[in-house]
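Here's the structure, in structure tokens; my notes come after.
Below, read A as the first sequence line, B as the second, and so on, with proteins coming before strands; counting in each chain starts at 1.
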Amino acid sequence: MTTSARDTIASAFQAAVDRAAADLAWPDDAKTVPVAIERPADPANGDFATSVALRLAKPLKKPPMAIAEAIRDRVPPSEMVASVEAAKPGFVNVRLSDAWVARQAEAIAAAGASYGRSTRLAGKRIQVEYISANPTGPMTVANARGGPIGDVLANVLAFAGADVQREYYVEDGGTQVKRFGLSVALRYRELFGESVELPPDAYPGEDVGIVASQIKERHGDRYRDLPLEEQSKVFAPMAIDRVVADAQRVTGKLGIHFDTWFKQSSLLESGYLTETIDELRKRGVIVERESVIFFETPEAVALRREGDEGWVLVDAQGDPKYLGTDIAYHRLCLERRGFDLKLDIWGANTEYHLAQMRIALPTLGIDPARFEVVIYQYVRFLHEGVLTRMGRRTGRFLLLEDVIDAIGKDVVRFFFLQASADRQLDFDFELAVQQSNENPAYYVQYAHARIASILRTAAERGLSSAGADVTLLTAPAEIELTKLLLRFPELLDDVLERRAPHLFTVYAVQLAGAFHSYYRDHRVVGDDASLSRARLRLVEAVQLTLKQLLGLLGISSPDKM
RNA sequence: GGGCCGUUAGCUCAGUGGAUAGAGCGGCGCUCUUCUAAAGCGCAGGUCGCGGGCUCGAUCCCCGCACGGCCCGCCA
């Protein structure tokens, strides 16, 4: 269980403001001003600061510096704080005590694998659903982006004590699947020398042909004389099984291991969609026109474009449509499967669907706060020198597995987690291969391996950190490095709060850089045995933090490189 | 027509109201008889897309515009 230094200082600021408010009889509206804590960019301004005095100046009608001084004088004394200052134009700056910081190196190293862990989400059951690519083709770099994002968020939630289930939703029940079956059937016929014409909505990718050949290898001409429609029906599930098996292999290569591969077809077979529609009907949000079942509320109507027929849940043939199925699926997870929260990772093209879901789920009495979605922008790739959107339906894509095989899972994961999900990514395969040895992922791993090397050397010389006196850590670089370690718990809070796993990579590079720099200038295993022990303890803390980070990122922590 | 995301160094990107805007790669120049040079240090490189506004203070919030991507299906 780890409380961040930031939280501790924030409480101190809050206490100081509360006391000032009481002592000086501040009016009530002063209490609405949040006591925000920030980290000054310039170390000359200390380690933490609050600008609350500047914000209070107007409601209190007093000069900000006077308010800052009043707050400064009421910050409770603490062994962790070396100084509290009021600074122009009205900041209150706190500097941590070097001695306290140095002692944290010991605390961190002693915490071991529990460093950063908390129980704040204990008892919460959370399903994280990610990737869930249509089972109609191989995993591409485009749909892979949700993988690391979802996986790392799942890791962090679990690290904070949540009971997390990782789910891959296999959408094997829809129209696209029928098309896929048809495309495979046509390719199957082609293998027997028939000349076939692909309809415009068929899948053009070569992977379809591969599935067809696999079926032919396995079953020969057994299905050759069936009518096309029959072939499509027979081949669709076979093809999907193959694709799902591939997805399991490829996600496994990425270090992603799902707890459940939930089939949409099982939901449909269970009758839960019908039951859900009945419930929606009871709640008065269903209309039927010409045998088509629509979801309809004033909000839904308002969102529709002019001329739009409505939101179809089930068509006139009785075939369930995506919105209908997805409402039932989410209801199943939140009402029957017992999750307190469902966190989905979706691609950018689902924006409209998300708006629909946000309207539909509350009509079933589901608290909207229990359904959260992280949307990520698309990955484009360089195709014949031009940036192209990937799409299986266009047959233009870059296979995830090829990329993993070429540059390794650690680099792939790191790459996807460097940019915020909001930002579109461009992937240049050639460049990625070319630069795979000059990669920030290696930079971070190398720091871990270097420390392992130091520890080996120490062991050879019979030296260990046992009984280390970390108060000997007084060099500025040692204090700075330890302060950086103290940011790790803050970072966990930020990643959780913002659902922003990319913050980990940014910090990891920063921490690795600080260590590499320290390494050059400070001999860890040296002539002075007590100083060596203290420094060993520090680098153990650094290594441990790196290991926690890499573990959360799902990247290996090598002892040798 | 409406909506969502983006626009920061040559390139890829951090920085979600604070004090002098950062990193990696690329460029130039240094540093290995050393606990791992997959590293370190230095230099060069910016009208934070443009124009307004709110604010003591804006790369960050609001409005407008431009550019790029995505969405507005009885596809998923």
Salt bridge flag under 4.0 Å for residues A:R487 and A:D494: no
Should [X] be listed as having a side-chain N or O under 4.0 Å from OP1 or OP2 of [N]?
{"X": "A:H502", "N": "B:G15", "value": "yes"}
{"X": "A:R358", "N": "B:C4", "value": "no"}
{"X": "A:R423", "N": "B:A14", "value": "yes"}
{"X": "A:R179", "N": "B:A76", "value": "no"}
{"X": "A:R39", "N": "B:G18", "value": "no"}
{"X": "A:K321", "N": "B:C75", "value": "yes"}

Assigned glycosidic conformation for B:C32 [threshold 90° from 0]: syn
Among B:A76, B:C35, B:G69, the nucleotide that comes nearest once only the side chain of A:R523 is considered: B:C35
Of the listed nucleotides B:G15, B:A38, B:C71, the one nearest the side chain of A:Y442: B:A38
Check: [X] side chain, [N] base, donor-acceptor under 3.5 Å:
{"X": "A:R498", "N": "B:U16", "answer": "yes"}
{"X": "A:E351", "N": "B:G3", "answer": "yes"}
{"X": "A:N93", "N": "B:A19", "answer": "yes"}

Could you give the distance separating [M] and [N] at their [atom1] atoms, to the nearest angstrom?
{"N": "B:A37", "M": "B:C43", "atom1": "P", "value": "23 Å"}
{"N": "B:G22", "M": "B:G46", "atom1": "C1'", "value": "11 Å"}
{"N": "B:A14", "M": "B:G1", "atom1": "P", "value": "31 Å"}
{"N": "B:C60", "M": "B:C48", "atom1": "C1'", "value": "10 Å"}
{"N": "B:G10", "M": "B:A44", "atom1": "P", "value": "15 Å"}
{"N": "B:U7", "M": "B:G51", "atom1": "C1'", "value": "16 Å"}
{"N": "B:C11", "M": "B:C50", "atom1": "C1'", "value": "23 Å"}
{"N": "B:G6", "M": "B:C65", "atom1": "C1'", "value": "16 Å"}

Taking only N/O atoms, report every protein-nucleotides 53-58 of chain B pair under 3.5 Å with atom names and distance.
{"unit_1": "B:C56", "atom_1": "OP1", "unit_2": "A:K58", "atom_2": "NZ", "d": "3.1"}

Side chain to side chain contact (heavy atoms under 4.5 Å, CB included) partner of A:Y168, the single match among A:F262, A:F258, A:Y130: A:F258
A:K547, NZ: over 12 other non-hydrogen atoms inside 6.0 angstrom: no
A:F48 CZ to B:A19 P, straight-line distance once rounded to whole Å: 16 Å
Sugar-phosphate only, base, or nothing, as touched by A:H448 at under 4.0 Å among non-hydrogen atoms: nothing
Pair assignment for RNA chain B - dot-bracket with | for other-strand partners, Watson-Crick or G-U under 3.5 Å: (((((((..((((....[...)))).(((((.......))))).....(((((..]....))))))))))))....
Side chain A:R456, main chain A:D559, donor-acceptor under 3.5 Å: yes
Stacking of A:Y446 on B:A39 base (centres under 5.5 Å, planes under 30°): no
